[in-house]
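Because the structure is a prediction, the values reported are computed rather than measured. Whatever order the structure lists them in is the order used to number ligands and atoms, beginning at 1.
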Amino acid sequence: MTSSSALSPVASSPFAPSPVNSHNEWDPLEEVVVGRLEGATIPSSHPVVTCNIPPWAARFQRLAAGSRYPRILVERAQDELDGFIALLESLGVTVRRPEVADHRRRFTTPAWSSRGFCNTCPRDSLLVIGDEIIETPMAWPCRSYETDSYRPLLKEYFRGGARWTAAPRPQLTDELFVPGFRPPGPGEEMRYILTEFEPVFDAADFVRAGRDLFVTRSNVTNATGIDWLRRHLGPGFRIHEIESSCRTPMHIDTTFLVLAPGKALINPEYVNPDRLPAALDSWDILIAPEPEPIDGKLLKLTSLCGKWLSLNVLMIDEKRVIADRHHTGMLRSLERWGFEPIPCDLLHYAPFGGSFHCATLDVRRRGTLESYCGA
Ligand code: ABU
């Protein structure tokens, strides 16, 4: 082997367009990673997981943690996921998938051990900012190795010219978690289970609008994590916090989404439109309608999500948006606001962590880095 081939792992020219290129939530979608259900394992009963669910559900979960999800849940979700993938492909979008992984396998660090969870939601563990793809420092111990199943893709993107970064690996020792944490009750001051021991964040607590990003603090994203990303991205980007009154916040994408230049969708139960960051002063704020109730006890009992998954839509471009067929109020509102909703089914993905936005990671959209929030 010559020294030049040993030193040339990047297949493309440094000037070739990166296979990773996504600056916002609405440029025309070219390539997307869609999560997988195979190997899905009920997440651990660590307090950072169970603090987000009611105490009765936490007791049930403690018994089931580390077992495979029941087939009855997986099969229904798989049918819907297959339909979603077929829809994306019919719209000309290239769909990529993580590898199948056995998430039941136990892993051990010097401080703790856990089984895994699943790779249904690439939106949580990977953050794309332009040509950079960042592995996020996740706060759930059972998700620590989740990006391993995306490694073949990450290596391919890197070889194609993308920048590939992993945020500092969190230790996830007891110092990160408030002992005996209880979510605040209605009217109580907001508090979170996370201390500021080290930076942690899930990518799904951020949405991107070019040079402006919006974030919610949550039970998986602390202020130090937000600071880490702010410093990492540098002065060319601004990160604005969206205040959420959700008592158990986890992920911005059922609370606040940017759909198109100058158009943001908010969940009126959690976000006060009068308390949005000044960066949004000239934006149209679209108030999400009340979601349709979910039928079916099993789905309600096993969902890892709240009722506002109706907001968890995926933009194909500035107009076309994939939204859940069940949420007819949202479909009608999207039409009224000038979008072209494409109804699809994914309600049964809720026990695995989300819907269309959660289940995807937009790796490439046709567009450039712009500023949409004034000077
Ligand atoms: N990305 C998961 C959203 C969870 C929820 O707020 O219901």
Side-chain angles (χ1 to χ4, degrees), residues 25 32-37 40 42-43 48-54 57-58 61 69 73 77 80-81 84 117-128 136 138-140 142-143 146 183-184 190 192-194 200-208 213-221 225 242-258 265-271 288 290-294 299-315 322-324 326-327 330 346-362:
E25 307 283 330
V32 73
V33 180
V34 176
R36 258 193 197 284
L37 287 153
I42 296 173
V48 73
V49 179
T50 55
C51 73
N52 289 316
I53 56 179
Q61 205 214 309
Y69 272 79
L73 293 182
E80 292 181 348
L81 189 65
F84 174 43
F117 171 37
C118 58
N119 47 18
T120 51
C121 294
R123 184 71 63 186
D124 304 348
S125 57
L126 294 164
L127 178 63
V128 171
T136 59
M138 301 179 89
W140 283 20
C142 60
R143 305 192 75 175
E146 204 168 297
M190 194 53 208
Y192 307 91
I193 192 169
L194 300 173
V200 284
F201 63 90
D202 274 15
D205 270 321
F206 294 84
V207 287
R208 305 149 309 141
L213 282 82
F214 299 89
V215 64
T216 42
R217 284 278 303 277
S218 76
N219 283 325
V220 289
T221 294
I242 301 290
E243 285 175 36
S244 168
S245 62
C246 177
R247 306 286 85 187
T248 52
M250 180 168 168
H251 300 163
I252 196 169
D253 53 3
T254 47
T255 295
F256 174 91
L257 270 189
V258 286
L265 175 63
I266 66 165
N267 167 334
E269 188 180 331
Y270 298 160
V271 178
E290 183 69 23
E292 279 66 26
I294 303 296
L299 185 52
K300 271 196 276 197
L301 285 176
T302 55
S303 175
L304 284 184
C305 306
K307 67 177 190 181
W308 289 96
L309 272 182
S310 51
L311 272 85
N312 202 251
V313 299
L314 179 71
M315 301 306 296
I322 299 183
D324 205 293
H326 177 79
H327 290 297
M330 177 60 79
L346 207 55
L347 276 191
H348 293 85
Y349 215 66
F352 305 91
S355 186
F356 305 109
H357 196 259
C358 300
T360 53
L361 176 73
D362 37 326

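For residues 117-126, the pairs satisfying salt bridge (charged side-chain N to carboxylate O under 4.0 Å, His left out) are Arg123-Asp362, Asp124-Arg143, with sequence neighbours left out.
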So what's ligand 1 close to, N/O to N/O, under 3.5 Å?
{"unit_1": "ligand 1", "atom_1": "1 (N)", "unit_2": "His251", "atom_2": "ND1", "d": "2.9"}
{"unit_1": "ligand 1", "atom_1": "1 (N)", "unit_2": "Asp253", "atom_2": "OD1", "d": "3.2"}
{"unit_1": "ligand 1", "atom_1": "6 (O)", "unit_2": "Thr254", "atom_2": "OG1", "d": "2.6"}
{"unit_1": "ligand 1", "atom_1": "7 (O)", "unit_2": "Gly306", "atom_2": "N", "d": "2.7"}

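Remark: Glu292 pairs with no residue by the salt bridge (charged side-chain N to carboxylate O under 4.0 Å, His left out) rule, at least two apart or across chains. Listed by chain and residue number, Arg208, His357 satisfy the side chain to side chain donor-acceptor pair (under 3.5 Å) test with Glu25 (two or more places apart in sequence, or in another chain).
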Open item on the list: Could you go through Tyr349 and Thr120, starting from their C-alpha distance and side-chain angles, then the distance that decides it, and tell me whether this counts as side chain to side chain contact (heavy atoms under 4.5 Å, CB included)?
Closed with: CA-CA 8 Å; Tyr349 215 66; Thr120 51; 3.4 Å; yes
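A donor-acceptor pair shorter than 3.5 Å can be found between the side chains of Thr216 and Asp205.
Ring-plane geometry between Phe201 and Phe206 is classed as perpendicular, the angle between the planes exceeding 60 degrees on a 0 to 90 degree scale with a lower cut at 30.
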